[in-house]
There are 2 protein chains.
Amino acid sequence: MSTINDVSRLAGVSKATVSRVLSGSRGVKEASRQAVLKAAEELKYRPNVIAQSLLSQSTGCIGVICAQDNINQSTGYLYALEKHLSQHQKHLLLRFANNKGEVMQALEELTCGLCDDVLIIGARFELNISDENIILVDCMDGDTGNSIQFDHAFAAETACNFLIKQGRRQIALINPEHAGGVEPVLLGYKRALENNFLPFNRNLIFTDASSSSVALQVLLNNSTTLNFNALLVADELEAQRAITQLQAFNKSVPDDIMVFSLAGSLNLPGIPTIPAIEYSMDAMAARIVAWLNQKTHSVLGSYVLRGDLIIPDMSGRK
Amino acid sequence: MSTINDVSRLAGVSKATVSRVLSGSRGVKEASRQAVLKAAEELKYRPNVIAQSLLSQSTGCIGVICAQDNINQSTGYLYALEKHLSQHQKHLLLRFANNKGEVMQALEELTCGLCDDVLIIGARFELNISDENIILVDCMDGDTGNSIQFDHAFAAETACNFLIKQGRRQIALINPEHAGGVEPVLLGYKRALENNFLPFNRNLIFTDASSSSVALQVLLNNSTTLNFNALLVADELEAQRAITQLQAFNKSVPDDIMVFSLAGSLNLPGIPTIPAIEYSMDAMAARIVAWLNQKTHSVLGSYVLRGDLIIPDMSGRK
DNA sequence: CTGTTAGCGCTTTCAT
DNA sequence: ATGAAAGCGCTAACAG
C-alpha cells in the first residue's frame with residue numbers, strides 16, 4: 001500500500017499539502033490540487049485509517065456484544081444496527097457472549113482503543129457496569145449507566161387489553177424472563193385487569209424460572225377447574241413451543257386459547273401468525289446511532305422503547 | 001486513558017522498559033518489573049491497540065461481508081465464525097450487503113488498514129474479485145481467488161441416494177439457486193440416478209429462477225400424469241414453503257412426498273423435521289481461521305466443504 | 001539490564 | 001499557499 005509520502009513525492013509537494021487536498025482541501029492552489037489528485041489516483045492511494053485513528057483518538061468502531069440467547073432475534077438487531085451504523089461511517093465489531101465472564105472478557109478486549117463505544121445487547125444476567133460509554137440494550141440492569149430498555153409493562157398491558165377486547169378474560173402468563181425482571185410485566189398485566197374491572201387470579205401466573213413447558217402442563221392439568229382462554233408468553237419461540245404443546249392436548253389455537261407473544265413473532269409460511277408485541281429494530285438502531293453521534297454522551301440516561309401491537313390477519317381463518 | 005509515558009514516569013523507568021515488561025518481559029531486573037507492574041496496575045494502564053496496529057501494520061480485524069439473503073443462515077455463520085476468531089485474538093467486523101455495489105462499498109471502507117483480511121459470505125451475484133486476502137465463502141464466483149465452496153454436487157448426490165434407498169424413485173428438483181449455479185446440483189442428481197439405474201425425467205426438474213411456488217404448482221397440476229414422491233429444494237425456507245403448499249393440496253409430507261432440503265433444516269418445536277444436508281459451520285469457521293493464521297495466504301486456492309446428511313428421527317411418527 | 005532514538009502514517013500548528 | 005516539524009502511543013534497534 002502506498003503512503004502519503006509516496007504521493008507527496010510523486011506530486012512534488014509536501015505531505016501537508018497532500019493531506020490538505022484529501023481532507024479539508026481549502027487554501028490550496030489549483031495546480032497542486034490537481035497534481036496531488038493525479039498522483040493519488042495513479043498510486044491508488046488510500047489514507048490509512050489506523051494512522052488517522054491514532055491521531056484522532058477514535059476509530060469509528062462500535063463494539064456490539066451480543067448476549068442474547070434467542071439467536072433468532074439477534075439477527076434482527078444486528079442487521080438494523082449495522083445498516084444505521086454504516087450510514088454514519090461507523091463500523092460494527094461483533095462479539096457473542098453467553099455469561100458475565102464472557103461479556104467482561106469481550107469488554108476488556110474491545111476497550112483498549114479499538115472501539116469508541118460498546119453496546120451490550122440482551123444480557124439476562126447482572127452486569128453492574130457504570131462506564132460512561134457503554135450502552136446496555138434490553139439488558140437486565142438497565143438502572144445503572146446508559147441504557148435502552150423495552151417497556152415491558154406497556155407491552156403486557158397492551159397485550160391484556162387486546163385479549164380482553166377479544167373476549168378473553170382468563171389470561172394465563174408464563175415465565176416472562178424479561179430483561180427488567182418479571183415485575184414490569186406483572187404490573188402491566190394487573191393494570192389492564194384493573195382497568196377492565198377483572199379479578200386477578202394468582203393461579204394463572206407462572207413467574208418462576210423453571211421450565212415453561214412444565215408451567216403450561218400445570219395449567220393444562222388443572223384446566224377442568226381452572227379455565228384460561230389466553231396465554232401470554234415471553235417470545236416467539238416460547239409461543240411456538242406452547243402452541244405445539246396445547247395442540248397436543250387438543251386445545252385449538254387460537255379458538256380455545258389465544259397465544260400472545262410479548263416479544264416478536266415467527267413469520268414462516270405454514271405457521272399461523274399470532275398476535276404479538278414487536279419492537280422496531282429500526283427505531284432502536286436510530287436511537288442508538290443518534291446517541292453515539294452526540295459527543296456529550298452522558299445525557300441519555302435510560303431510554304424506554306415501546307413495542308407495536310401486531311395483529312395477525314384473521315380474515316382467511318376458518 | 002493513561003499512556004505508556006504515564007506508566008514509565010510513575011515507575012521511574014523508560015518507556016522501553018515498560019514495553020518490555022508488558023510484552024516480552026525478558027531481560028528485565030525484577031525490581032523494575034515490579035515497579036512497572038505496580039504502576040500499570042495503579043493507573044489501570046492498557047496498551048493502546050491502535051498504536052500497536054500502526055506499528056505492526058495489522059489490526060487483528062477480519063471484515064465479514066454478509067451478502068446472504070437467508071438471514072436465518074447468516075446467524076449460524078456469524079456465531080461460529082466469531083467464536084473461532086475471538087479464540088485467536090481476532091475481531092469480527094460485520095457488514096451486510098445485498099448487491100455487488102454494496103459489497104464493493106463495504107470492501108472499500110474495510111480495506112484502508114482497518115482489516116487484515118476480508119470474508120465475503122453467500123453472495124449470489126458475480127463479484128470478480130482477485131485480491132489475495134479476500135476469501136469468498138459460499139459465493140457465486142468461487143473460481144477466482146481464494147474461496148471456500150460447498151460441495152453441491154455431493155449434496156445432491158447424497159440426497160438422491162438417500163431418497164432412492166427410502167424407496168423414492170421419482171425425485172423432483174426445484175430452483176436450487178446455489179452458489180455455484182445449478183450445474184453441480186444437476187450433476188449430483190444425475191450421478192445418483194445413473195448409479196441406481198434410474199431414468200432421468202427432465203419434467204421433474206425446475207431450474208429457472210422463476211418462483212419456486214409456481215414450479216411446485218406445475219408439478220401439482222400435472223401430478224395425475226407426472227408422478228413424484230420426493231422433492232429436493234434449496235434450503236429450509238424453501239422446504240417450509242413447499243411443505244405448506246403440498247399440504248394445502250392434500251399431499252402428506254413425508255408419506256406422499258418426502259421433502260429434502262439441500263442446505264440446512266428448520267428446527268422448531270411443532271414443525272416436523274425433514275431430511276437435509278447440513279454444513280458444519282464449525283468446520284467452516286475452523287478452516288477459515290486456519291487459513292487466516294498462516295501468513296502465506298495464497299496457498300488455499302479453493303477449498304470444498306461437504307455437508308452432513310441429517311436424517312430426522314421417524315420413530316415417533318404415526 | 002536499560003535508556004535514547006527513530007519511526008509506523010497521518011494531521012496540524014507555525015512559520016515563511 | 002505551502003513546507004518543516006511536532007507528535008498521537010507504541011515497539012525495536014542500538015548503544016551504553
Side-chain angles (χ1 to χ4, degrees), chain A residues 1-40 42-61 89 91 108-116, chain B residues 1-40 42-61 89 109-116:
Chain A
M1 208 57 188
S2 50
T3 76
I4 197 172
N5 284 305
D6 304 326
V7 179
S8 74
R9 210 172 307 131
L10 182 61
V13 297
S14 73
K15 301 194 309 181
T17 302
V18 175
S19 177
R20 275 189 275 258
V21 170
L22 268 40
S23 333
S25 190
R26 67 171 187 216
V28 178
K29 207 202 302 172
E30 187 57 23
S32 339
R33 226 181 76 83
Q34 292 305 332
V36 168
L37 257 26
K38 180 159 167 292
E42 199 159 321
L43 295 167
K44 293 190 196 317
Y45 168 71
R46 317 253 312 278
N48 184 320
V49 293
I50 293 302
Q52 293 178 319
S53 296
L54 184 57
L55 206 61
S56 67
Q57 301 283 34
S58 86
T59 61
C61 288
Q89 284 75 253
H91 303 287
E108 194 86 348
E109 292 177 30
L110 294 178
T111 54
C112 313
L114 227 196
C115 294
D116 297 341
Chain B
M1 210 56 186
S2 50
T3 77
I4 198 172
N5 284 304
D6 304 327
V7 178
S8 75
R9 209 173 307 130
L10 181 61
V13 298
S14 74
K15 299 195 308 182
T17 303
V18 175
S19 179
R20 275 189 275 260
V21 170
L22 269 40
S23 333
S25 191
R26 65 175 191 212
V28 179
K29 208 202 301 171
E30 186 58 21
S32 336
R33 228 181 74 84
Q34 291 305 330
V36 168
L37 258 27
K38 182 159 165 294
E42 200 160 320
L43 294 167
K44 292 187 195 321
Y45 168 71
R46 317 255 309 280
N48 184 320
V49 293
I50 294 303
Q52 292 178 321
S53 296
L54 183 57
L55 204 62
S56 67
Q57 301 284 30
S58 87
T59 60
C61 288
Q89 284 74 255
E109 291 176 30
L110 295 177
T111 54
C112 315
L114 227 198
C115 294
D116 298 340

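Numbers restart at 1 for each chain; the letters A, B, ... are given by sequence-line order, proteins then strands.
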CA sep, side-chain torsions, deciding dist, call: B/M1, A/T111, side-chain contact (heavy atoms from CB on, under 4.5 Å) = CA-CA 10 Å; B/M1 210 56 186; A/T111 54; over 6 Å; no
request  = Heavy atoms under 4.0 Å is the rule here; annotate nucleotides 10-16 of chain D 5' to 3' with B where the base is hit, S where only the sugar-phosphate is, and - elsewhere.
outcome  = BBBB---
request  = Determine, stepwise, if the pair A/T59 / A/H91 fulfils side-chain contact (heavy atoms from CB on, under 4.5 Å).
outcome  = CA-CA 9 Å; A/T59 61; A/H91 303 287; over 6 Å; no
Over how many whole Å does the gap from [X] atom [atom1] to [N] atom [atom2] extend?
{"X": "B/E30", "N": "C/dT2", "atom1": "CD", "atom2": "P", "value": "10 Å"}
{"X": "A/L54", "N": "C/dC8", "atom1": "CG", "atom2": "C1'", "value": "9 Å"}
{"X": "A/D6", "N": "C/dC8", "atom1": "CG", "atom2": "P", "value": "11 Å"}
{"X": "A/Q57", "N": "D/dG7", "atom1": "CD", "atom2": "C1'", "value": "11 Å"}
{"X": "A/R9", "N": "C/dG9", "atom1": "CZ", "atom2": "P", "value": "11 Å"}

Candidate pair A/C61 and B/L114, rule side-chain contact (heavy atoms from CB on, under 4.5 Å), full reasoning = CA-CA 10 Å; A/C61 288; B/L114 227 198; 4.2 Å; yes
Testing the basics here: between [X] and [Y], what is the closest heavy-atom pair and its distance to 0.1 Å?
{"X": "A/S2", "Y": "A/L43", "answer": "OG-O, 3.1 Å"}
{"X": "A/R20", "Y": "A/V28", "answer": "CB-CG2, 4.0 Å"}
{"X": "B/Y45", "Y": "B/T3", "answer": "CE1-C, 3.5 Å"}

Test log, rule side-chain contact (heavy atoms from CB on, under 4.5 Å), inputs A/V21 and A/S32 = CA-CA 9 Å; A/V21 170; A/S32 339; 5.8 Å; no
Using residues 9-17 of chain A as the side-chain source, report each donor-acceptor pair under 3.5 Å to any protein atom, sequence neighbours left out, with the distance given to one decimal.
{"residue": "A/S14", "atom": "OG", "partner": "A/A16", "partner atom": "N", "Å": "3.4"}
{"residue": "A/S14", "atom": "OG", "partner": "A/T17", "partner atom": "N", "Å": "3.4"}
{"residue": "A/S14", "atom": "OG", "partner": "A/T17", "partner atom": "OG1", "Å": "3.4"}

message = I'd like to know if the side chain of B/R46 reaches the main chain of A/E108, judged simply by a donor and an acceptor atom lying under 3.5 Å from each other, with no hydrogens or angles considered.
response = yes
inquiry  = Classify B/S56 by what it touches in the nucleic acid, base, sugar-phosphate, or nothing, heavy-atom distance under 4.0 Å.
reply    = nothing
ask   = Base, sugar-phosphate alone, or nothing: which one does A/S53 contact when heavy atoms must sit under 4.0 Å apart?
value = nothing
task = To the nearest 10°, let me know how far the axis at one end of the helix from C/dC1-D/dG16 to C/dT16-D/dA1 is tilted from the axis at the other, five pairs an end.
result = 50°
query = Does B/T17 have a side-chain nitrogen or oxygen under 4.0 Å from the phosphate oxygens OP1 or OP2 of C/dC1?
reply = no
